[in-house]
Amino acid sequence: MRALVLVDLQYDFMPGGALAVAHGDETVPVAQALIKKFDTVIATQDWHPRDHASFAVNNPGTTVGQVIEVDGLPQVMWPAHCVQGTRGAELHTGIDKRRITAVFRKGIDAKTDSYSGFYDNGHKKATGLADWLNDKQLRRLWILGLATDYCVKFTVLDALQLGYEVTLVEDGCRGVDLAPGDSERAIAEMREAGAKITDGAGVR
Ligand code: VGL
Ligand code: ZN
């Protein structure tokens with residue numbers, strides 16, 4: 001059985017948002033068209049407390065885009081984004097929420113970032129997504145969303161490592177590209193790890 005996984009389709013990652021991804025809103029119609037083809041639709045939601053360690057404002061002397069060490073892990077400094085309860089953290093209304101079967105929130109612990117929908121960046125704590133999928137015997141995942149080079153990439157790599165069959169819906173993704181080419185490299189990495197790559201129109 002299969003599931004569609006929508007990664008972080010939240011206003012802060014859309015044009016005009018706090019951590020805007022160029023053309024991020026173009027993922028929404030791709031997602032909405034696919035939603036109708038799946039019985040099970042999962043959404044992940046970046047859901048940070050205001051004092052989250054990934055925000056540059058919470059690490060005096062740092063600037064956005066800089067990489068520092070937090071708890072022994074490299075951590076990119078981001079603008080404050082997807083703060084719990086704010087509009088920027090909400091899922092885009094172009095996504096029919098009635099068709100979302102379950103939402104998994106991540107990045108809730110102030111000290112730990114979580115790009116993947118499955119684990120925090122240190123792989124210490126699970127979000128519950130894998131248990132949920134396994135319970136329903138969902139082994140084939142179609143994944144799209146924001147951002148290609150962060151949350152989509154780490155969600156796909158974790159899914160592959162956990163033994164799911166993964167198809168990346170490439171036209172349903174857009175990347176941050178802090179360094180030019182990051183998204184292209186992320187897609188190559190996902191493919192090399194075993195992900196199939198398709199466009200939304202190729203999904204039956
Ligand atoms: C993301 C950076 C920080 C993402 C989340 O959704 O890709 N990127 N938090
Ligand atoms: Zn975040």
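Numbering of ligands and ligand atoms starts at 1, following listing order.
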Next item on the list: Taking the six-membered ring for Trp and the full ring for Phe, Tyr or His, determine whether the centres of Trp142 and Phe38 are under 6.0 Å apart.
Entry: yes
How far is [atom] from its nearest protein heavy atom, and which residue and atom is that?
{"atom": "atom 8 (N) of ligand 1", "answer": "Tyr150 CB, 3.8 Å"}
{"atom": "atom 5 (C) of ligand 1", "answer": "Asp46 OD2, 3.1 Å"}
{"atom": "atom 4 (C) of ligand 1", "answer": "Cys151 SG, 2.7 Å"}
{"atom": "atom 6 (O) of ligand 1", "answer": "Asp8 OD2, 2.7 Å"}

Checklist line | Partner residues of Asp158 under the side chain to side chain contact (heavy atoms under 4.5 Å, CB included) criterion, sequence neighbours left out | finding: Ser116, Phe118, Tyr119, His123, Gln161
Margin query: Yes or no: does His81 have any heavy atom under 4.0 Å from an atom of ligand 1?
Written below: yes
Next item on the list: Report yes if the side chains of Lys153 and Met190 come closer than 4.5 Å at any heavy-atom pair, otherwise no.
Entry: yes
Next item on the list: Report yes if the side chains of Lys125 and Ser114 come closer than 4.5 Å at any heavy-atom pair, otherwise no.
Entry: no
Notebook entry, point to check: Can an N or O of Ala147 be found at a distance shorter than 3.5 Å from an N or O of ligand 1?
Noted result: yes
Margin query: So which atom in Cys173 and which in Val169 form the shortest heavy-atom distance, rounded to 0.1 Å?
Written below: SG-O, 3.4 Å
Checklist line | the Zn ion (ligand 2): protein N, O or S atoms [distance under 2.8 Å] | finding: Asp46 OD2, His48 NE2, His81 NE2
Margin query: Any salt bridge linking Asp182 with Arg185? Criterion: basic side-chain nitrogen under 4.0 Å from a carboxylate oxygen.
Written below: yes
Check: Can you list the atoms of ligand 1 that are under 4.0 Å from a heavy atom of Leu146?
Finding: 4 (C), 6 (O), 7 (O)
